[in-house]
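Worksheet: one structure, shown below.
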Amino acid sequence: MSVHLYNTLTRTKEEFTPLEPGKVKFYMCGPTVYDYIHIGNGRAFTVFDVIRGFLEFVGFEVTYVFNITDIDDKIINRAKEEGVPFNQISERFTKILFEDLEALGVAKASVHPKATEHVGEMVALIKTLVDEKIAYDVDGDVFFDVSKFETYGKLSGKRLDELRAGVRVSVDKNKKNPLDFALWKKHKPGEPFWDSPWGQGRPGWHIECSAMSMKYLGATFDIHAGGTDLVFPHHENEIAQSECATGENFARYWLHNGFLNIDGDKMSKSLGNFETVREVLAKYSRAVIRMFFLQKHYRSPIDLTEEGLHAASSAVKRLTTFYDNLSSLTAGLGDSQAGPAMSPGNTFVKMRSEFVDAMSDDFNSPAALSILFDMVREANKLIGKQMHSDEELLTLSYVKETVDAFDQFLGIVDRTESDFHSSDLIGTLLDLLVDVRQELRAKKEWGLSDKIRDALSEIGVAVEDKKSGPAWRKMDK
Ligand SMILES: [Zn+2]
């Protein structure tokens with residue numbers, strides 16, 4: 001089994017071979033914590049969390065680094081507006097970020113480094129570049145000289161001369177070349193600062209990610225991910241400064257997720273169609289939002305619409321009802337692994353491996369979901385039968401184990417909606433009613449026993465008389 005992924009750097013789908021067999025070193029560009037995260041960020045954090053989870057599912061040990069940019073112009077501007085210290089803004093929104101990630105079902109990373117806790121590493125990197133004359137200091141501001149990096153533009157596919165032509169005026173007269181970017185920003189009154197060989201100041205945004213990724217993953221690591229909007233200049237600049245500083249290749253595979261539009265418009269605050277993760281979570285469950293994201297390939301643009309979310313909501317309901325019924329039928333059976341091994345020719349064994357193949361093909365979640373729903377359709381035929389043989393029950397137990405394993409990284413079964421089974425009280429009451437009905441039947445009290453069955457049916461619970469005795473299940477709507 002091999003995983004293939006589309007690498008922005010080579011513009012091809014490649015077989016994934018990690019530096020160290022069995023291990024994946026994975027960096028994901030986290031947000032600048034100056035406001036609530038928007039749903040476009042939510043998409044990036046969710047799809048890369050699913051990708052990380054899938055890599056773990058197929059057996060890789062993943063070191064996942066998800067940074068927090070807690071010093072940047074946007075944070076300083078908001079702090080000025082509110083008249084508070086910058087760290088009050090960054091601390092407030094870091095806390096909110098983690099609440100939102102948890103609400104979205106995004107697992108904690110191996111490390112969540114904060115930029116302000118790594119300024120020493122950033123200064124050391126900049127010093128190397130200045131010593132090598134790849135970066136230059138102009139009165140306390142330090143810039144990276146893009147002409148010193150021959151392959152500048154290799155990630156975005158832009159050529160230096162084209163880029164130069166695109167820059168109309170040099171905004172900063174201190175720069176040698178308008179494309180040169182800031183590594184260190186000279187201290188301005190009212191702004192936070194740190195000491196450096198070039199005087200007091202603060203790091204530029206790009207150097208933050210180079211310093212934090214290399215600290216935790218090494219000079220060369222496997223995967224660097226982020227939104228498409230970060231390809232240029234952020235990721236291009238990360239490559240330039242990191243490779244110039246170490247003389248080695250930086251990230252080997254670059255993964256970028258597509259844009260998220262809202263009702264056909266590119267999302268932006270100025271358009272007024274800004275939706276935060278929190279606003280969407282107030283209307284839809286995490287399972288629905290995750291289903292909505294995964295119904296599209298992570299590299300495709302996605303359009304957030306009410307219809308799209310409704311469709312995702314129906315898919316979640318269908319899957320959750322199916323899962324509840326599976327749980328009810330297979331309760332007490334234990335792990336299917338304990339039973340006879342499933343034959344490789346079994347339909348569900350084949351579907352399980354087709355699902356894994358789809359995910360291994362550049363994480364094709366729409367194709368994988370379609371296989372999962374084929375599995376639901378096939379297994380529903382078995383679930384609907386009046387009687388189940390031991391072999392059928394073991395097959396269903398295998399299906400349940402498969403859905404559980406996939407849902408570890410998909411997160412699309414609505415656990416909050418599984419009230420029929422998660423609530424002990426409701427489950428106990430239903431068991432009691434079914435028992436009473438059974439006793440009535442033993443006494444040939446057909447009128448009363450049918451009344452119980454019909455009343456349960458009205459509230460969506462089916463009672464079936466099986467070989468092993470009567471059992472209840474939630475009906476498909
Ligand atoms: Zn970054």
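First listed ligand is number 1; within each ligand, the first listed atom is number 1.
At a cut-off of 2.8 Å, H234 coordinates the Zn ion (ligand 1) through an N, O or S atom. The Zn ion (ligand 1) has no N, O or S atom of H235 inside 2.8 Å of it.
Looking only at distances, no side-chain donor or acceptor of R92 sits under 3.5 Å from a matching main-chain atom of D35.
Taking the six-membered ring for Trp, F16 and F60 have ring centres closer than 6.0 Å.
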Would you mind writing out the side-chain donor-acceptor pairs for residues 298-305 within the sub-3.5 Å range, not counting sequence neighbours?
unit_1	atom_1	unit_2	atom_2	d
Y298	OH	D362	OD1	2.8
R299	NE	D362	OD2	2.8
R299	NH2	D362	OD2	2.9
D303	OD1	D263	N	3.1
D303	OD1	G264	N	2.7
D303	OD2	G264	N	3.2
T305	OG1	G308	N	3.0

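Considering only residues two or more places apart in sequence or on other chains, R11 meets the side chain to side chain donor-acceptor pair (under 3.5 Å) condition with none of them.
With the Zn ion (ligand 1) as the vertex, atom SG of C209 and atom SG of C29 span an angle of 130° (nearest 10 degrees).
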